[in-house]
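Below: one structure, written as C-alpha cells.
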Amino acid sequence: MNSVRARLERLLAWLRKVDPDVLCLQELKCTDEAFPHDAISHACRQAGEAGYHAAVFGQKTYNGVAILSRSAPAEIELGMADDADDPQARLISALIDGFRVFSAYFPNGGEVGSEKWDYKLEWMRRLLEHFDHRASPSDRIVLCGDFNVAIDDSDVARPEQWAGSVLCHDDVRDALERLRDWGFVDVFRKHHPEGGIYSWWDYRMLGFPKNDGLRIDHVFATAGPASRCTSAEVDRDERKGKKPSDHAPIVATFDV
DNA sequence: ATGGTTGCTTAGCAA
C-alpha cells in the first residue's frame, strides 16, 4: 500500500465502503508504535458495531505487514519462525474465524542477479519450508499479499517489456509454482482464467494511464477454502483518485 | 540502458 500513514484516510474510506471481514496489508512503512491503531480500531464503528482489530508486524521505513479483522485474531505469528536472521518484517499470520490467514510482502528483488534477488529467492524457499514444516494442505489457510511475481504472461499487459524482470523471471515463477504445488489454489485465476486483469501499475512510466499493469497481488487458499471461494475481483477504482497506492486491492469472497 | 513517481527521511534508498 506504500505507507499506511500516508494513505490512512483512503484506507478508512475503503473499509467503510467494502466492509471486509479481513484485510491484509503490506508495505506499511512504519513501526508498530507508529501504526494508526486508534483510527483503525474505530473505523466503521457505528450503531454499536465493533471496529477492526489489527495484528501488526511493523518496521521502520520499509516493509511492514498487518491483518485487520472484525473478529479478534488469535495465535498471531510474526515472520517465518525459522533459524534465519532476517530483520525484514514481511510475514504475519493469525487465526481468524477458524482460518489461518497470512499477510505476505514478498521481496521485490531489485535487479536479477543482485543481493536483493538472492534474498527474494531465499525468502520464497523459506516460505515453502515454513508450510512444509508447520502446516498441512488440509488446513484452512488463506495466503494473501504482494507476491511480487506475475504468475504467467496472461498476468502482464506488456509481457515483452517485463520479460526476464524480477517480477516475471522463470526462477521466481518456478519458486511460486512450487509454493502453489504444496497445496494452494490461486483463487483469482479460478474465477478469471482468461487473465488480462492487473493489480499493480508502476508510478513511474505512467503505468496506470497506459494500463501497463501486472497481477502480482494474489490470494492463495488451500483446497477447503478455495472450493468455497465464490468471487475474486480487483478493485481497480481504488487505483484512481488522489494519492492512490500503486496497488489495487483484491477482494475475495468465501462462503463459510 | 535509462527514465519516470512516491514515501520516508533528510540526499539517498527502495519500490
Side-chain angles (χ1 to χ4, degrees), chain A residues 1-14 23-37 39-40 56-66 79 85-92 103-124 127 144-151 155-169 171-173 175-176 198-218 234-250:
Chain A
M1 70 181 310
N2 194 13
S3 172
V4 67
R5 287 176 293 172
R7 292 183 224 292
L8 180 58
E9 288 311 312
R10 282 191 77 114
L11 169 61
L12 298 177
W14 193 84
L23 174 63
C24 294
L25 298 172
Q26 301 84 35
E27 209 179 5
L28 304 175
K29 290 190 167 184
C30 74
T31 59
D32 293 358
E33 294 71 31
F35 186 84
H37 279 102
I40 283 168
V56 180
F57 187 21
Q59 179 186 334
K60 185 179 168 70
T61 310
Y62 302 120
N63 309 317
V65 286
D85 181 22
D86 185 352
Q88 302 195 30
R90 294 182 174 277
L91 188 73
I92 186 171
S103 179
Y105 180 35
F106 287 49
N108 170 280
E111 296 289 328
V112 172
S114 66
E115 268 185 39
K116 290 186 193 129
W117 171 252
D118 292 340
Y119 174 73
K120 179 177 195 172
L121 293 171
E122 175 64 7
W123 194 92
M124 294 179 75
L127 186 61
C144 308
D146 175 0
F147 286 49
N148 269 314
V149 179
I151 292 173
D155 291 330
V156 186
R158 304 180 184 200
E160 68 294 335
Q161 187 175 309
W162 294 89
S165 71
V166 292
L167 306 180
C168 297
H169 195 282
D171 289 357
V172 291
R173 285 180 168 172
L176 194 54
Y198 313 115
S199 67
W200 175 81
W201 298 260
D202 204 333
Y203 288 128
R204 301 166 290 186
M205 305 180 296
L206 302 173
F208 190 67
K210 295 191 293 197
N211 197 27
D212 177 10
L214 298 88
R215 187 172 74 101
I216 58 173
D217 301 277
H218 303 297
V234 172
D235 185 358
R236 198 174 183 281
D237 286 343
E238 192 58 25
R239 184 61 176 77
K240 303 173 183 173
K242 197 176 165 203
K243 295 219 337 167
S245 165
D246 43 352
H247 297 260
I250 316 295

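So that the names make sense, note that chain A is the first sequence line, chain B the second, and so on, each numbered from 1.
Across all strands, A:Y105 comes closer than 4.0 Å only to sugar-phosphate atoms, never to a base (heavy-atom distances).
Annotation: A:W201 is not in aromatic contact with A:H247 [ring centroid separation under 6.0 Å not met].
Across B:dC8, B:dG3, B:dA15, the shortest atom-to-atom separation from the side chain of A:K116 is found for B:dA15. Proximity note for A:N2 (side chain, C-beta onward) versus B:dT5, B:dA14, B:dG7: the nearest is B:dG7. Of the candidates B:dT5, B:dG7, B:dA15, B:dA15 carries the atom nearest the A:N108 side chain, counting heavy atoms from C-beta on.
A:D212 has its CG atom 18 Å from the P atom of B:dG3, to the nearest Å. One can place OH of A:Y119 at 19 Å from P of B:dC13, the figure rounded to the nearest angstrom. Rounded to an integer number of Å, the gap from A:L28 CG to B:dC8 C1' is 14 Å. One interatomic measurement links the two molecules: CD of A:E111 to P of B:dG3, which rounds to 12 Å at whole-angstrom precision. What separates CG of A:L8 from P of B:dG7 is a distance of 14 Å, to the nearest Å. Taking atom CD of A:Q161 as the reference point, atom P of B:dA1 lies 15 Å away to the nearest angstrom. One atom, CG of A:D202, and another, P of B:dG4, lie 13 Å apart when rounded to the nearest Å. One can place CH2 of A:W201 at 16 Å from P of B:dT6, the figure rounded to the nearest angstrom.
Minimum heavy-atom separation, A:Q59 to A:Q88: OE1-CA, 3.3 Å. Nearest heavy atoms, A:I216 versus A:A150: CG2-N, 3.8 Å.
In terms of phosphate contacts, A:K243 brings no side-chain nitrogen or oxygen within less than 4.0 Å of OP1 or OP2 of B:dT6. For the OP1/OP2 pair of B:dT2 and a distance below 4.0 Å, the side-chain nitrogens and oxygens of A:R204 include no atom meeting the criterion. For A:R90 and B:dA15, the shortest distance from a side-chain N or O to OP1 or OP2 is below 4.0 Å.
Looking only at atom types and distance, the side chain of A:W14 has a donor-acceptor partner in the side chain of A:D235 under 3.5 Å away. A:Q26 and A:S103 are linked by a side-chain donor-acceptor pair at a separation below 3.5 angstrom, with hydrogens and angles left out of the test.
Separating the C1' atom of B:dA14 from that of B:dT10 is a span of 15 Å, rounded to the nearest Å. To the nearest whole angstrom, the two P atoms, one in B:dG4 and one in B:dC8, are 22 Å apart. For B:dG12 and B:dG3, the P atoms lie 16 Å apart once the distance is rounded to whole Å. Distance check on atom P: B:dT6 versus B:dT2 gives 22 Å, rounded to whole Å.
Nucleotides of DNA chain B nearest to A:Y62 and A:L206 differ in position, and the one nearer the 5' end is that of A:L206. Looking at which nucleotide of DNA chain B each of A:S3 and A:Q88 is closest to, the 5′-most match is held by A:S3.
Geometrically, A:R90 engages A:Y105 in a cation-pi contact defined by less than 6.0 Å to the ring centre and at most 45° from the axis.
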